[in-house]
Amino acid sequence: MFWLSHHHPEEYNRTYVLGGIRVCARCLGTYPLLLAVLVGLFKLRAPLTWSWDVPVVLGLTLPALVDWAVGRFRPTGGSNAVRTLTGVLLGVALGRSLFIHLQRPLPAVLLWQAALVAGVAVPVLLATSRKSNPGP
C-alpha cells in the first residue's frame with residue numbers, strides 16, 4: 001500500500017494507521033481538500049482569475065514546504081497534527097491552481113507555485129542528501 005504512505009519504516013512517525021494501513025499525515029490533509037476544492041470550484045463555476053490567486057496560493061503552499069523542509073533536517077521532529085494541517089492548506093492551494101490549469105493549461109499561478117516548490121525543495125534536498133551521504 002505504498003501509494004497511501006510513501007514513507008519507509010524509519011519515517012512511520014509521519015503516518016497515521018487507519019484500518020491497519022499507514023497513511024501519510026500530510027497527504028491525508030492534502031488530497032481530500034484538493035478534491036473538495038476542485039469539485040466546489042467547478043460546481044460554483046468560479047472565475048478563472050482572482051486578483052489574489054498568486055499570493056493566496058503561494059501563502060497556502062508555503063507552510064507545507066516549510067514543515068517538509070524542517071522535517072528533512074530534523075527527521076524525528078514535528079507532529080502529525082501540524083503535517084495534516086499544512087496538508088489541508090496545501091490541498092486548498094493545489095485545488096485552486098489545478099482548477100485553473102485544467103481549463104487554461106500552465107496558468108501563472110501554477111507556474112509561480114511550481115517555482116516556489118522547486119526553490120525550496122532543490123536546495124533542501126541537496127543539503128540533506130550531502131548530510132545523509134557524506135561521501136569519501
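Hydrogens, waters and symmetry mates play no part in the numbers below; they use all other heavy atoms, side chains included. By convention here, the first residue in the shown sequence is residue 1.
Residues Thr86 and Arg26 bring a donor and an acceptor atom of their side chains to less than 3.5 Å of each other.
Connection of Ile100 to Leu110 is not established within any shared hydrophobic cluster, with ILVMFWY side chains joined at heavy-atom distances below 4.5 Å, either directly or through further cluster members. When hydrophobic clusters are built by joining Ile, Leu, Val, Met, Phe, Trp and Tyr residues whose side-chain heavy atoms come closer than 4.5 Å, directly or via intermediates, Val37 is grouped together with Leu62. Residues Leu116 and Val88 are members of one and the same hydrophobic cluster, defined by side-chain heavy-atom contacts under 4.5 angstrom among Ile, Leu, Val, Met, Phe, Trp and Tyr. Under the 4.5 Å side-chain heavy-atom criterion for Ile, Leu, Val, Met, Phe, Trp and Tyr, Leu102 and Leu111 are members of distinct hydrophobic clusters. Clustering ILVMFWY residues whenever any of their side-chain heavy atoms sit less than 4.5 angstrom apart, transitively, puts Val66 in the very cluster that holds Val124.
A side-chain donor-acceptor contact under 3.5 Å links His101 to the backbone of Leu106. Panel note: side chain Thr30, backbone Gly91; no donor-acceptor pair is recorded below 3.5 Å.
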Item to check | Worked verdict on Val17 versus Tyr12 for side-chain contact (heavy atoms from CB on, under 4.5 Å) | outcome: CA-CA 9 Å; Val17 178; Tyr12 279 173; over 6 Å; no
Checklist entry - Is there a side-chain contact (heavy atoms from CB on, under 4.5 Å) between Cys24 and Arg83 once you walk through the steps? => result CA-CA 9 Å; Cys24 171; Arg83 288 182 194 100; over 6 Å; no
Item to check | Chi angles and distances behind the side-chain contact (heavy atoms from CB on, under 4.5 Å) call for Leu34, Leu98 | outcome: CA-CA 9 Å; Leu34 187 158; Leu98 185 58; 3.9 Å; yes
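Remark: Arg96 qualifies as a cation-pi partner of Trp50 under the 6.0 Å distance and 45° angle criteria applied to the six-membered ring. Figure legend: Arg22 and Tyr16 shown without cation-pi pairing, the cationic atom not lying both under 6.0 angstrom from the six-membered ring centre and within 45 degrees of its axis.
For Phe99 against Ala46, the heavy-atom pair with the smallest separation is CZ-O, 3.4 Å. In this structure, Ala69 and Val120 approach most closely via the heavy-atom pair CB-CG1, 4.4 Å. In plain terms, the two heavy atoms of Leu65 and Val117 that are nearest each other are CD1-CA, 3.9 Å. Taking all atoms of both residues into account, the shortest heavy-atom contact from Thr15 to Asn80 is O-ND2, 3.0 Å. Shown here for Pro107 and Ser97, the closest heavy-atom pair between the two residues is CG-O, 4.4 Å. Heavy atoms only, all atoms of each residue included: Gln113 and Val57 are closest at NE2-CG1, 3.4 Å.
Distance CG/Leu85 to CG/Asp67: 9.0 Å, rounded to 0.5 Å. Remark: Trp68 CH2 to Leu90 CG distance equals 12.5 Å, nearest 0.5 Å. For the atom pair CZ (Arg14) and OG (Ser79), the distance works out to 10.5 Å, reported to the nearest 0.5 Å. From Leu38, atom CG reaches atom CG of Leu33 across 12.0 Å, with rounding to the nearest 0.5 Å.
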